[in-house]
Amino acid sequence: MTSIGTGYDLANSIFSPDGRNFQVEYAVKAVENGGTSIGIRCKDGVVLAVEKLVTSKLLKPNANKRIATVDRHLGVVYSGMIPDGRHFIERARDEARAWRDTFKTPIATADLASRMGGYMQAYTLYQSVRPFGITAIVGGFDSAAETPVDGEVGNGPACGAGGKVAGKTHGGPFLYMIEPSGLYWGYYGAATGKGRQAAKAELEKLDLGGPGGPALTMEEAVKEAARILYVAHDDDKEFELEMTWISGADGPTKGAHHEVPKALREEAERLAKQAQEEKMEE
Amino acid sequence: MFRNNYDNDSVTFSPQGRIFQVEYAAEAVKQGSVVVGIASKTHVVLVAIKRNAEELSSYQKKLFPIDEHVAIAIAGLTSDARVLSNFMKQQCLGHRLTFGRSMPVRTLVEIIGSKAQINTQHYGKRPYGVGLLVAGVDDHGPHLFEFQPSGMTEEMVAFAIGARSQMARTYLEKNIDKFADCDREELIRHGLRALKESLVQDRELTIDNTSVGVSGVVKAEDGSSKVEPFQVYDQQDVTAWIESVADDKEGGAGTGETEAEGMEVDS
């Protein structure tokens with residue numbers, strides 16, 4: 001790295017002569033050392049998964065959860081510095097609650113991504129703070145049902161500003177990924193952390209971004225997610241697989257963010273291991 | 001001489017994405033004397049080695065009760081631990097006041113985790129220079145958590161932090177499968193044996209330098225369960241336990257095993 005020794009990388013919010021903020025780039029390095037996280041946007045919901053590296057034999061198995069519920073319909077997973085991730089989650093929960101207080105309706109996934117993108121970006125602006133050492137994947141299912149507002153009279157205007165457009169639907173599954181710079185995009189399939197390259201390559205093989213929308217169902221996506229994390233995993237190290245999902249109101253989680261049932265997760269892991277072994281034999 | 005420019009404060013990432021100030025704070029934990037914690041299905045214990053500054057001085061306290069059902073063991077800067085301890089006591093009391101019941105251990109640990117994280121992200125602050133083992137009992141049974149200066153908190157089956165704690169951890173790893181079904185006394189003895197592994201050559205456990213703390217859930221006659229409040233034992237109250245692990249000689253793990261098995265036959 002040619003930047004080292006020039007002094008432009010010693011404080012946050014400092015531009016180098018060629019317009020880079022090195023501290024943000026270094027924060028990305030912290031993310032790249034963390035366990036792989038992925039998110040998949042499916043036909044009927046969103047699946048989130050993370051590879052948790054087992055750093056000590058003395059850790060209580062399956063006790064330390066990494067995927068958090070931010071609101072009923074929102075899940076967040078992250079790679080990088082875990083305490084930073086917990087801070088991010090707390091802020092996201094505050095945002096979701098404040099939104100409900102103000103607007104009497106759950107926050108849309110896109111709005112949460114926007115708020116949290118803004119929050120992360122603010123930590124790149126000042127020398128008095130450092131950027132977040134995480135990349136977060138936000139998954140959510142926005143309800144398609146019309147939610148009446150407290151004290152609402154009638155159904156609102158039928159046309160015009162704020163009115164209803166015939167045939168237009170809203171809601172559905174959404175997936176966003178937010179980087180330490182505050183930059184965020186919507187994704188069909190997202191991956192971050194150490195194994196992101198391999199995970200991305202696998203995600204690209206899935207039918208997620210076709211013109212008819214994603215073809216994959218959540219149950220298929222759970223199996224793919226497990227397989228992808230096994231592919232992206234560095235064999236020498238032991239790891240735990242944590243997976244959650246969010247379906248619509250008519251799906252298995254009834255619009256809420258839940259952990260994938262144990263039986264399904266174990267089946268997905270069994271298939272993932274089998275696929276790994278078959279690959280080894282080739 | 002080569003100088004590290006990236007280790008002056010906790011708001012500067014190194015080009016590898018590390019924060020050296022936080023890593024240095026983790027070193028402060030290793031300066032403290034060793035503490036060990038173990039959880040079984042029914043109990044959780046904390047045991048600690050206390051240090052004295054000189055022959056005639058008193059010994060530094062290592063176990064701090066927080067609430068009826070929670071206590072911490074500390075390694076590192078004692079003054080930082082006192083701040084955290086006070087804060088935890090307040091949080092537990094506040095929780096009792098608002099919710100009318102004791103605070104779940106994980107909740108408490110996550111609160112101090114986020115408090116510590118803030119110190120690693122803002123200029124002018126420094127990370128806490130102390131590591132904690134937080135032991136407690138709640139509706140889900142006994143729990144043991146490790147807290148690090150980075151704000152990282154993890155639930156453990158058993159753990160040791162502080163000077164030479166790697167030796168204790170090795171003992172714990174070797175015996176990890178036994179802990180779940182240990183009774184109160186067996187768990188304490190495992191703790192003390194782990195502690196002994198970390199002692200320097202000519203030192204041994206004495207009633208002056210050893211602290212033991214226990215909490216648990218006790219099944220009552222009618223099948224309901226009651227919390228055994230956290231109790232810290234010092235001085236003559238730890239004599240029997242120290243004597244009970246005194247006879248396992250060098251390579252204690254081996255003898256410890258046979259003795260533990262003997263115990264199981266007895267009961």
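Naming convention: chains lettered A, B, ... in sequence-line order (proteins, then strands); numbering from 1 in each chain. Computed from a predicted model, the values in this text were never measured in an experiment.
Residues meeting the ring pair (Phe, Tyr, Trp, His ring centres under 6.0 Å) test with A:Phe132, sequence neighbours left out: A:His87, A:Tyr119, A:Tyr123.
Proximity to chain A (any heavy atom under 4.5 Å) is shown, for B:Arg18, by neither the backbone nor the side chain. Only the side chain of B:Ile19 comes within contact range of chain A, judged by heavy atoms closer than 4.5 Å. For B:Ile176, the part lying near chain A is the side chain, with the backbone staying farther off; criterion is any non-hydrogen pair under 4.5 Å. Neither the backbone nor the side chain of A:Glu32 comes within contact range of chain B; no heavy atom of the residue lies under 4.5 Å from a heavy atom of that chain. If you measure heavy-atom distances from A:Gln23 to chain B, the contacts under 4.5 Å come from both the backbone and the side chain. Of the atoms belonging to B:Ser10, it is backbone heavy atoms, and not side-chain ones, that fall under 4.5 Å from chain A.
Contact count versus chain B (heavy atoms, under 4.5 Å) is highest, among A:Val28, A:Val129, A:Leu58, for A:Leu58. The greatest number of non-hydrogen atom pairs below 4.5 Å with chain A, out of B:Ala116, B:Ser14, B:Gly113, B:Ala39, is found for B:Ser14. Annotation: maximal heavy-atom pairing with chain B below 4.5 Å, among A:Ile82, A:Leu59, A:Asn33, occurs at A:Leu59. With chain B as partner, the option from A:Asp84, A:Val31, A:Thr55 having the largest number of non-hydrogen pairs under 4.5 angstrom is A:Asp84. Taking B:Val157, B:Asp9, B:Thr153 one by one and counting their heavy-atom pairs under 4.5 Å with chain A, the maximum is reached by B:Val157.
Remark: the A:Ser181 side chain and the A:Thr124 side chain contain no N/O donor-acceptor pair separated by less than 3.5 Å. Neither side chain, A:Asn12 nor A:Tyr126, offers a donor N or O lying under 3.5 Å from an acceptor on the other. Side-chain atoms of A:His257 and A:Thr244 form a donor-acceptor pair, as typed in the model, at a separation below 3.5 Å. Between the side chains of A:Tyr8 and A:Asn21, no donor N or O sits under 3.5 Å from an acceptor N or O.
For A:Lys29 and B:Phe13, the positive end is not near the middle of the six-membered ring at less than 6.0 Å and at most 45° from its axis.
Aromatic ring centroids of B:His190 and B:Phe179 lie under 6.0 Å apart.
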Derivation and outcome, salt bridge (Lys or Arg N to Asp or Glu O under 4.0 Å), residues A:Glu95 and A:Arg91: CA-CA 6 Å; A:Glu95 289 290 351; A:Arg91 177 66 187 203; 3.0 Å; yes

